[in-house]
Amino acid sequence: MNFYFFGKNRQYIRFRFHCQRTEWSSGIMLNRNSHGAFQRLLLISLLMISLGWADKSFADKPKLQLATVYHAGLDVSDYWVSEKLDGVRGYWDGKQLLTRQGYRIHAPDWFTQVLPEQPLDGELWIGRGKFNAVSSLVRSASTEASQGQADRWRRVKFMLFDLPQFPGTFTQRLQQLGQLVDEIDRDWVQLIDQRRVSDDSTLMAWLKQVVADDGEGLMLHHQDALYQSGRSAQLLKLKLWQDAEAKVIGHQPGKGKYVGMLGALLVETPTGIRFKLGSGFTDQQRQHPPAIGSIVTYKYTGVSAKGVPRFASFMRVRQP
């Protein structure tokens, strides 16, 4: 006997039941002694569908190139430098737009139909200091949107910075990417401004100006680098502060003007260090704080002798 459980976009999970054994359509065989495990599997599947995850789970996680931290002593004239945009990483695989973790981004058809069949790597960006706005829009579960949400997508730019599958150096990929953007010829698809700098003093002066204008930092990409998945020593990020991630394990109530709201998050780093994160929140975030169990990004300037981040300040909740 067949049972079908349908999710969004007619995605479904099929189960076949037999007298002596239970068979899942993927080929997993369960005997009667595994009935409890099967029930748990079925419950998880139904929860995934009900929460709208079924269609997201089928996309492979993009094999993106990730940056390492800038270090002194480099010949910066060998690098292309661009502003590090405070947006959401967007990967176009030639057919659909995905997050860094491989979840589908439900952008309107008009936004994506102009994109080529080859993969593109970039940032979905609204403007400096507008991360929460673009993050909220990207997390929207479907394109069945109100006129207000459609108008919000009109503000988003797909800021491109790489061609993952183009066989060439970064300088060659940059030239090809520029040609593609010219051919697309839409104002919401743009090439991130890439510049050359002659020395460290020029680089740091630009960094300070970006931060003074509410920007996040700079990215340095070696001119001869090939695109590779994972952390690359040829792609560097430069900031006036460091950033890291931690897991939310508790909420502490606010005092004074924050009575009835969040006072601080109690967080734990991957190495087990716990500390309070009490600054960097908007009033809205204090009224609706990150959930316990969620992963947040914070910025800091160095660590104490015990490894606790100094002057830690909340930045954002990590995208799924």
Side-chain angles (χ1 to χ4, degrees), residues 51 66-67 69 83-90 99-101 103 105 123-141 148-149 152-153 155-157 159 207-219 237-304 306-320:
L51 293 174
L66 306 175
V69 178
E83 181 177 342
K84 187 180 188 305
L85 300 182
D86 189 18
V88 173
R89 187 80 171 263
T99 69
R100 175 174 165 176
Q101 299 299 322
Y103 291 87
I105 298 172
E123 195 89 356
L124 295 167
W125 188 67
I126 291 179
R128 289 169 172 166
K130 301 294 185 181
F131 172 80
N132 289 332
V134 69
S135 175
S136 173
L137 193 57
V138 166
R139 291 198 307 270
S140 298
Q149 183 167 319
R152 290 168 64 197
W153 269 103
R155 302 167 56 199
V156 179
K157 309 288 186 187
M159 306 296 293
L207 173 65
K208 292 178 181 178
Q209 183 60 55
V210 166
V211 173
D213 292 336
D214 295 325
E216 188 170 338
L218 298 175
M219 301 294 296
K237 57 183 176 181
L238 173 61
K239 301 181 180 182
L240 290 180
W241 58 80
Q242 297 169 279
D243 60 50
E245 294 181 341
K247 183 178 182 179
V248 178
I249 59 175
H251 295 156
Q252 295 195 337
K255 299 178 181 179
K257 67 176 182 177
Y258 296 134
V259 168
M261 295 188 286
L262 174 74
L265 295 176
L266 180 60
V267 299
E268 183 176 72
T269 70
T271 58
I273 295 175
R274 296 185 176 189
F275 62 97
K276 295 178 184 179
L277 198 56
S279 64
F281 302 98
T282 64
D283 286 350
Q284 183 179 14
Q285 289 167 337
R286 289 187 184 277
Q287 293 168 357
H288 305 283
I292 292 176
S294 62
I295 305 298
V296 299
T297 302
Y298 62 92
K299 61 182 180 180
Y300 65 103
T301 54
V303 296
S304 69
K306 295 183 178 180
V308 177
R310 295 181 183 275
F311 308 109
S313 178
F314 172 83
M315 294 182 67
R316 63 180 71 99
V317 178
R318 188 181 72 183
Q319 281 293 114

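All residue numbers refer to positions in the sequence shown, counting from 1. Computed from a predicted model, the values in this text were never measured in an experiment.
- Val248 and Ala291 make their closest contact through CB-O, 3.6 Å (heavy atoms, listed as atom of the first residue, atom of the second, distance).
- To the nearest 0.5 Å, atoms CG (Leu240) and CG (Leu218) are separated by 9.0 Å.
- The distance from the NZ atom of Lys130 to the CG atom of Leu137 is 13.5 Å, given to the nearest 0.5 Å.
- Scanning all heavy atoms of the two residues, the minimum distance from Leu207 to Gly217 falls at CD1-CA, 3.8 Å.
- Across all non-hydrogen atoms, the minimal contact from Arg310 to Ser304 is NH2-CA, 3.5 Å.
- Partners of Glu123 under the side chain to side chain donor-acceptor pair (under 3.5 Å) rule, at least two apart in sequence or in another chain, do not exist in this structure.
- With sequence neighbours left out, Ser279 forms a side chain to side chain contact (heavy atoms under 4.5 Å, CB included) with Ser313.
- Partners of Pro289 according to the side chain to side chain contact (heavy atoms under 4.5 Å, CB included) rule, which considers only residues two or more places apart in sequence or in another chain, are His251, Leu262.
- Within the structure, side chain to side chain donor-acceptor pair (under 3.5 Å) contacts touching residues 261-270 (residues at least two apart or in different chains) are Glu268-Arg274, Thr269-Thr271.
- Atom CZ of residue Arg318 and atom CZ of residue Arg100 lie 8.0 Å apart, to the nearest 0.5 angstrom.
- Taking CH2 of Trp241 as the reference point, atom NZ of Lys299 lies at 4.0 Å (rounded to 0.5 Å).
- Pairs engaging residues 286-296 under the side chain to side chain donor-acceptor pair (under 3.5 Å) rule: none recorded [sequence neighbours left out].
- The shortest non-hydrogen separation linking Ala133 to Ile126 is CB-CD1, 3.9 Å.
- Annotation: side chain to side chain contact (heavy atoms under 4.5 Å, CB included) contacts of Lys84 (sequence neighbours excluded): Glu216, Met219, Lys237, Lys239.
- Counting only residues at least two apart or in different chains, ring-ring contact (aromatic ring centres under 6.0 Å, His included) contacts with residues 258-280 comprise Phe275-Tyr298.
- Contact record, Gly307 with Ile273: O-CD1, 3.4 Å, taken as the closest heavy-atom pair.
- In this structure Gln209 satisfies the side chain to side chain donor-acceptor pair (under 3.5 Å) test together with Asp213, sequence neighbours excluded.
- Annotation: the span from Ile105 atom CD1 to Arg139 atom CZ amounts to 12.0 Å, rounded to 0.5 Å.
- A distance of 12.0 Å separates CE in Met261 from CD in Gln285, rounded to the nearest 0.5 Å.
- Here the closest non-hydrogen pair linking Leu124 and Val134 is O-CG2, 3.6 Å.
- In this structure, the side chains of Asn132 and Gln284 stay at 4.5 Å or more apart for every pair of heavy atoms.
- For Arg155, the side chain to side chain donor-acceptor pair (under 3.5 Å) test picks out no residue, with sequence neighbours left out.
- Partners of Phe314 by ring pair (Phe, Tyr, Trp, His ring centres under 6.0 Å), not counting sequence neighbours, listed by chain and number: Phe281.
- In terms of the side chain to side chain contact (heavy atoms under 4.5 Å, CB included) criterion, residue partners of Val303 (sequence neighbours excluded) are, by chain and number, Tyr300.
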